Protein chains: 2
Amino acid sequence: MTAAEGLFVLEGRPTAQLIADQLREQIVQGAFRPGEQINESVLASQLSTSRGPVREALQRLCQEGILVSRRNRGVFVLELAIEDIREIYAAREAVESTAAAALLDAGSKSTRDTGLALKRIIRDMAKQVALSDWRAIARLDMDFHTTFVAGAGNSRLMRIYETLAAESRMCIFNLEVSYPRIDVLVEEHQNILDLLEAGNREDLFKAIKRHMQKAVEDLTAASEDNEIFA
Amino acid sequence: MTAAEGLFVLEGRPTAQLIADQLREQIVQGAFRPGEQINESVLASQLSTSRGPVREALQRLCQEGILVSRRNRGVFVLELAIEDIREIYAAREAVESTAAAALLDAGSKSTRDTGLALKRIIRDMAKQVALSDWRAIARLDMDFHTTFVAGAGNSRLMRIYETLAAESRMCIFNLEVSYPRIDVLVEEHQNILDLLEAGNREDLFKAIKRHMQKAVEDLTAASEDNEIFA
DNA sequence: CATCAGCAAATTGTTGACAATCTACAGTTC
DNA sequence: GAACTGTAGATTGTCAACAATTTGCTGATG
């Protein structure tokens, strides 16, 4: 058996995961309202499959915490309260700080690659800010942080963070927050990147902490004049 | 309809979750070898149910990362390499440090309750150390850290930590590590509790960090003379 | 008129059967 | 004898039908 370059296994990923990934994207983009029930039958027919694989995918998202399952009643989209926002961003700070420490400790090629990727994202972000494309901005915002954590090279941190990122996007979309501090958005991310490349450990931690705190403030402020929250 | 205290919904949890919880416990206790395939049919008959619910539970554990799914081949118990040990304990340090910060910031009744619970666990741990009951010691070790994180009152941190705790137990069991530093085990946990109650922030962070580093050292040392690892 | 029992529709939970795929082994060919 | 091919068994993936439960409605009853 000779190894052939450029060939890869076809559709290697399990079906339930593919469905779960699609559905997660739909949910964070607001295709379902918070608290809304997910009907297995209609979802199955939309995906032109049967209820079996759909149920398996739904269980994955329940384990992830994006959906909640109630026995004999079905699965529902997670409803976010103010307390949830605080939880999510506290957890994000924990993960990002650890990723930052790992990036600084590594301090090699992978760190430089991460820096380049982050630089590119910031450039795109500035472009979209000029165009006021909120959807794109939100996506790039998350791309920045996801790339940051990915740079740490810890697959568990990454898996954890992907869920937190999805929940953050749910917050942002459901609250229809249009980045009130749009002017400092690019600046804040650039600041984090600068501190990373400068190897300024303590200030980087502080910058991450402030970034998260500000996000919580914006989201909680927005949640007060929003019918979704209690 | 009058509200009755002390009553709760009977068997409110969904089936897939119940099966997943049982199976997770079996796995971390070493009922399945790392890399071993989980046969859906035999598992279904053991639980006297059909393959449907079993598959749903398996998907949950795949999402959690304790099992890995390969298309058209089935699900297998996660194989832990040395790199995984480092990942798990780095993530645990992140979560526990954040929980510690939250506990210190709260500094109220919940913090005191957590302290009492931790004290009780340490007392039991000392008892089991005297009896050399390794299984019980490992369980109490995890109980301590789980209780610690639970005290922070962040459900997301808790959910994350439960998976990491499960993976830690897999490490400990599979490597048959019998706590080489048995004499300092109680002491180390007592030290963490003392620093928490004293409100000594920086030293508490350092103690947690050291606790995790030592665990990684013990586990990696044990993994070198073990056929499971490469 | 309020309340409650009972019924009907919809949805989830479960099951067994069938199809697709992989693995291992035997047989064949060079 | 080595390597390849083909087949048989086992296991997973998928599906449609059936059972159980919940929910909303209807109407009887005080």
Side-chain angles (χ1 to χ4, degrees), chain A residues 1-4 7-23 27 31-64 66-79, chain B residues 1-4 7-23 27 31-64 66-79:
Chain A
M1 174 86 84
T2 58
L7 292 181
F8 50 91
V9 180
L10 200 58
E11 287 293 342
R13 292 162 65 187
T15 312
Q17 189 174 344
L18 294 172
I19 297 177
D21 290 343
Q22 275 192 50
L23 192 54
I27 291 169
F32 299 89
R33 297 262 150 156
E36 182 178 345
Q37 181 167 12
I38 307 252
N39 189 311
E40 300 173 359
S41 302
V42 305
L43 188 56
S45 59
Q46 282 175 1
L47 294 165
S48 48
T49 181
S50 69
R51 282 175 52 214
V54 169
R55 282 177 63 89
E56 290 170 17
L58 293 178
Q59 292 298 328
R60 285 183 96 108
L61 296 177
C62 286
Q63 188 66 30
E64 209 173 313
I66 288 176
L67 300 178
V68 290
S69 175
R70 275 178 277 184
R71 180 166 183 104
N72 290 323
R73 212 156 304 172
V75 301
F76 303 79
V77 178
L78 178 65
E79 289 187 273
Chain B
M1 175 85 81
T2 56
L7 292 182
F8 50 92
V9 181
L10 198 59
E11 287 293 341
R13 292 160 68 189
T15 313
Q17 190 174 343
L18 294 172
I19 297 177
D21 289 343
Q22 276 193 46
L23 192 53
I27 291 169
F32 299 89
R33 297 260 151 156
E36 182 178 345
Q37 181 167 13
I38 308 266
N39 189 310
E40 300 174 359
S41 303
V42 304
L43 188 55
S45 60
Q46 281 176 1
L47 295 165
S48 48
T49 180
S50 68
R51 280 176 53 213
V54 169
R55 282 178 64 89
E56 290 169 17
L58 293 177
Q59 293 297 327
R60 284 182 97 109
L61 296 178
C62 286
Q63 188 65 31
E64 210 174 311
I66 288 176
L67 299 178
V68 290
S69 174
R70 275 179 276 185
R71 184 171 180 97
N72 290 323
R73 213 155 305 175
V75 301
F76 303 79
V77 177
L78 177 67
E79 291 186 273

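Each chain gets a letter, A, B and so on, in the order the sequences are listed, and its residues count up from 1. Since this is a predicted model, take the numbers as computed values, not measurements.
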Indicate whether OP1 or OP2 belonging to [N] is found under 4.0 Å from a side-chain N or O atom of [X].
X     : N      : value
A/T49 : D/dT14 : no
A/Q37 : C/dT12 : yes
B/T15 : C/dT14 : yes

At under 4.0 Å between heavy atoms, what does A/G52 touch on the DNA or RNA strands: base, sugar-phosphate, or nothing?
nothing

Reckon B/I38 touches a base, only the sugar-phosphate, or nothing at all at heavy-atom distances under 4.0 Å?
sugar-phosphate

Indicate whether the side chain of B/S69 and that of A/R13 have a donor and an acceptor atom separated by less than 3.5 Å.
no

Nucleotide of [options] approaching [X] most closely (side-chain heavy atoms):
X     : options                : result
B/R55 : D/dT14, C/dT11, C/dG13 : D/dT14
B/N72 : C/dT12, D/dT22, C/dC22 : C/dC22
A/R73 : C/dT23, D/dC15, D/dT23 : D/dT23

Shortest non-hydrogen contact from A/R71 toward B/T15:
NH1-OG1, 2.7 Å

Ignoring hydrogens and geometry beyond distance, is the side chain of B/R51 in donor-acceptor contact with the base of D/dG13 at under 3.5 Å?
yes

Taking [atom1] from [X] and [atom2] from [N], how many angstroms apart are they, rounded to a whole number?
X     : N      : atom1 : atom2 : value
A/N39 : C/dA9  : CG    : C1'   : 13 Å
B/R70 : D/dT12 : CZ    : P     : 12 Å
A/Q59 : C/dT12 : CD    : P     : 12 Å
A/L43 : C/dT11 : CG    : C1'   : 14 Å
A/L18 : D/dG13 : CG    : C1'   : 13 Å

Mind checking whether A/I27 and A/L67 have side chains closer than 4.5 Å, heavy atoms only?
yes

Residues that B/S41 engages under side chain to side chain contact (heavy atoms under 4.5 Å, CB included), provided they are two or more places apart:
B/N39, B/R51

